[in-house]
Structure formats: C-alpha cells, structure tokens
Amino acid sequence: MSMPVRVLIVDDSSFFRNRIADLLDGDARIKVVGTAANGREAIEQVKLQRPDVVTMDVEMPEMNGIDALRTIMQQSPVHVIMLSSLTHEGARISMQALEAGAADCIPKDLRQWMGSSSDIQSQLREQVVALGKSQRPRALNGTPSLERNRAPLRRTERKETPSVSDPGAALAALRQRAEAANTATRRPESSHRVSSGAKIPDCKVVVIGSSTGGPAALQKILTRLPATFPYPIMLVQHMPSTFTPVFAERLNQQCNINVKEAADGDRMVAGTAYLAPGGKQLIIDPKQSDRLKVMPGDERLTYKPSVDVSYASAAKSFGDKVLAVILTGMGSDGTDGARLLKRSGATVWAQDENSSTIYGMPKSVIEANLADSVLDLDEIGTLLCRRGER
C-alpha cells in the first residue's frame with residue numbers, strides 16, 4: 001500500500017482547520033501532519049513537516065495566504081490549494097494566488113462545508129490525493145511561476161455525432177457505446193509517443209480543455225500568441241462562475257490576442273479566445289457555426305463547463321477542421337469528446353506527463369489512443385505561436 005499523502009492545513013479559523021482536518025483524516029489515502037493559523041506559521045511548518053500538499057486560506061492575520069504562498073514557492077515548493085471566498089474580490093485574489101504558484105483555488109463557502117458531504121468536499125479530497133501523487137513543483141527562484149511567463153503588453157487598445165442540444169443524454173449514450181472500444185484500443189503507457197513533428201492542421205477553431213493546473217498552463221500558452229493568430233479559440237477551464245470573469249479579464253490584460261468570458265450569441269473571430277462561463281456549457285451554435293451558444297449547466301454532467309460537451313459540439317459543427325488540445329487536470333473530462341473528434345477526422349493534442357500539474361485528463365485521452373501528438377506545454381505554445389506568425 002502506498003504511503004498516504006501528507007497534508008498541512010493553514011487557516012486562521014479553528015472551525016475550518018478542524019473541519020478540513022476531519023474531512024481529510026477520514027480518507028485512508030491522506031494524513032494531516034500539522035496545522036497553522038497564519039502565513040508565518042505556515043512557512044515554518046512547511047519546512048518542518050515537509051508536506052506533500054498544503055491547503056491555505058487567503059485572508060489571515062500577521063501574513064496573508066498570498067504572501068506566505070510566494071515565500072513557500074521560493075523556499076520550499078509544494079503543491080498548494082488555496083481557499084477563497086466567492087466574491088469578486090475573492091476571485092481577484094484567487095487569480096493572484098494562481099500567478100504565485102498555487103495549484104488550484106476552491107471556494108470557501110460556509111454552507112458547503114457545514115454538511116456531511118458536498119461536491120466541494122469530495123473535490124478537495126480527490127485534489128489532495130492527485131496532487132500528492134504528482135511530482136513536486138520546482139522552486140521559483142523569487143519569481144512567481146506565471147509572472148515569469150507573461151508576455152509584454154504590446155497593444156494600445158482592447159481589441160454524424162450525437163446532438164449536443166441535450167449534452168447530458170448525448171454523452172451518457174456515448175460512454176455506454178464506447179466502453180468496450182475504449183478497453184480494446186487502450187495502449188500501454190510505455191508506448192506513448194512524444195511527437196516533435198506535430199503540425200497545426202487546417203482548421204476552423206482551436207478548442208482547449210483544462211482543469212487543475214490549467215490557469216497556469218493556459219496563460220503560458222496564450223501569452224505567446226500574436227494578435228494575428230488566425231483562428232478563434234474556445235477555452236474550457238473547470239472553474240467556479242465567480243472566478244471565470246476575473247480570469248478572462250486577467251488573461252485579456254496579459255495577452256496580445258483578445259480574451260473574454262463567452263456570452264450567448266458571441267460571433268467567433270480570429271485572434272480571440274472565448275472562456276466558458278463557470279456553471280455553464282459552451283458550444284458552437286448548431287444553426288450558426290460562426291456563433292457560440294452558452295447553455296445552462298446540465299445536472300447530469302459532473303463538470304460545468306465540460307470539455308466533452310465543447311469537443312462534441314466542435315466535432316458536429318466543423319468535423320476535421322478542429323484542433324483540440326487537452327491539458328492538465330484530474331479525471332477524464334475530454335475523452336468522450338475527443339473520441340467524437342477523432343471519428344470526424346479532427347486533430348487532438350495532449351499535454352505530456354512531465355509538464356502537467358496533474359496527469360489525469362491528458363492521460364485518459366492518450367490511453368484511449370485518441371491523441372495524435374503528446375506534447376510538452378512549451379511545445380504546444382511554440383507550435384501555436386508559429387502558425388500565428390504566418
């Protein structure tokens with residue numbers, strides 16, 4: 001049996017420290033090795049306990065979570081999950097945390113932590129385990145991980161598949177039909193091919209899906225793209241609805257392309273990235289292939305937004321004229337949609353294990369034999385950038 005994931009809990013609230021400790025200690029895969037009530041204690045406890053994962057509150061006395069995070073990532077890098085309020089200010093601070101090296105941010109909503117079970121509690125347990133099993137982050141040498149990859153601001157002004165009208169039913173049917181085929185086509189990890197000869201196909205849209213570790217990965221890719229990038233981009237990042245507007249705004253400030261939170265009826269134009277709103281589904285309008293449609297979140301689907309839904313929509317609208325990219329994240333969201341894309345002749349790229357924060361979503365696509373190329377994150381950005389410069 002593998003060793004349990006060692007966790008340090010940092011929060012100035014004794015209620016939350018105890019609540020998170022009880023929640024995590026109830027999982028045999030996890031061991032809570034200590035707690036801290038402020039950022040200064042957190043820095044010392046990380047050095048002393050050498051945890052695999054830290055959960056950290058944003059707002060604390062003496063030293064807040066962001067300042068503590070920056071110091072930890074410079075001195076004793078470790079995977080950190082930040083807990084932040086579901087306010088606009090909380091979302092803004094969450095973006096700062098991700099830029100300082102946090103693996104992910106989850107909402108700190110008292111109502112979701114009071115009961116015996118909730119999606120957020122399950123998410124925390126699974127994230128802790130997944131991060132604990134992944135490679136530790138590298139020291140940042142005094143420079144936040146996302147800040148060092150930021151492109152300079154150079155612009156002066158803002159510039160036959162199942163129907164996806166019922167995405168829950170369509171993807172449920174797809175999973176049932178594909179289960180046998182998925183087993184038959186899975187290849188061993190030793191045969192995974194890293195392709196340095198990958199080329200961007202002739203396409204109408206680029207669709208990028210990501211989850212834990214995704215904000216950092218997306219920023220690293222998107223900040224490299226020139227304003228002349230010749231395709232529209234759909235972004236599907238697992239993120240709460242309060243966070244997505246702020247994340248889109250932040251990317252828009254940092255990128256040469258335009259980035260916005262997608263709105264129902266948006267016309268897709270080259271050089272613009274459309275971020276799926278949290279809690280919603282983002283598809284291409286079946287009646288107008290140059291427009292986007294934002295749909296209510298389907299309770300039958302685990303993820304809102306779902307990469308599977310957006311991939312399936314792109315397959316239906318554009319067939320082989322799609323480049324799909326699956327990035328770091330837990331679980332297998334994107335695999336069913338990638339299967340539809342491959343049936344339509346589209347191109348699928350998957351991020352490799354070494355550059356992924358959590359090698360879940362890309363691994364699932366690769367093991368289903370659906371990835372045309374397995375690429376390092378830097379290589380993905382380089383290839384996309386080259387097409388934009390033509």
Taking all non-hydrogen atoms of both residues, which atom of [X] and which atom of [Y] are closest, and how far apart?
X      : Y      : value
Phe318 : Ser289 : CZ-O, 3.2 Å
Met82  : Ala102 : CG-CB, 3.7 Å
Asp27  : Arg125 : OD2-CD, 3.7 Å

Is [X] reaching over with its side chain to a backbone N or O of [Y], donor-acceptor style, under 3.5 angstrom?
X      : Y      : result
Lys342 : Ala346 : yes
Asn38  : Pro61  : no
Asp372 : Val348 : yes
Arg224 : Asp378 : yes
Asp308 : Asp336 : yes
Ser84  : Ser94  : no
Tyr274 : Arg267 : yes
Thr335 : Ser332 : yes

Could you state the interatomic distance from [atom1] ([X]) to [atom2] ([Y]), rounded to the nearest 0.5 Å?
X      : Y      : atom1 : atom2 : value
Ser76  : Glu44  : OG    : CD    : 9.0 Å
Thr382 : Ile221 : OG1   : CD1   : 10.0 Å
Ser344 : Asp320 : OG    : CG    : 8.0 Å
Arg339 : Arg343 : CZ    : CZ    : 7.0 Å
Ile93  : Leu98  : CD1   : CG    : 12.5 Å
Leu384 : Leu323 : CG    : CG    : 6.5 Å

Compute whether any side-chain donor of one residue and acceptor of the other, for [X] and [Y], lie under 3.5 angstrom apart.
X      : Y      : value
Gln281 : Lys304 : no
Gln351 : Glu379 : no
Arg19  : Ser13  : no
Asp333 : Ser306 : yes
Ser356 : Thr328 : no

Inset, instruction - Identify whether the distance between the nearest side-chain nitrogen and carboxylate oxygen of Asp266 and Lys260 falls below 4.0 Å. - result: yes
Inset, instruction - Answer yes or no: is there an ion pair linking Glu249 with Arg92, defined by an N-O contact shorter than 4.0 Å? - result: no
Legend entry - NZ/Lys204: more than 12 non-hydrogen atoms of other groups inside 6.0 Å: no
Show me, pair by pair, the donor-acceptor contacts under 3.5 angstrom made by side chains of residues 51-59, not counting sequence neighbours?
residue, atom, partner, partner atom, Å
Asp52, OD2, Arg6, N, 2.8
Asp57, OD1, Lys108, NZ, 3.2
Asp57, OD2, Lys108, NZ, 3.2

Is there a path of hydrophobic side-chain contacts, each under 4.5 Å between heavy atoms of I, L, V, M, F, W or Y residues, that connects [X] with [Y]?
X      : Y      : result
Leu383 : Leu222 : yes
Val33  : Val46  : no
Ile20  : Val32  : yes

Review item, side-chain donor-acceptor pairs of residues 206-218, under 3.5 Å, at least two apart:
residue, atom, partner, partner atom, Å
Ser210, OG, Gln237, OE1, 2.6
Ser211, OG, His238, ND1, 2.9
Thr212, OG1, Gln127, NE2, 3.0

Inset, instruction - For residues Ile233 and Val205, determine if any side-chain heavy atom of one lies less than 4.5 Å from a side-chain heavy atom of the other. - result: no
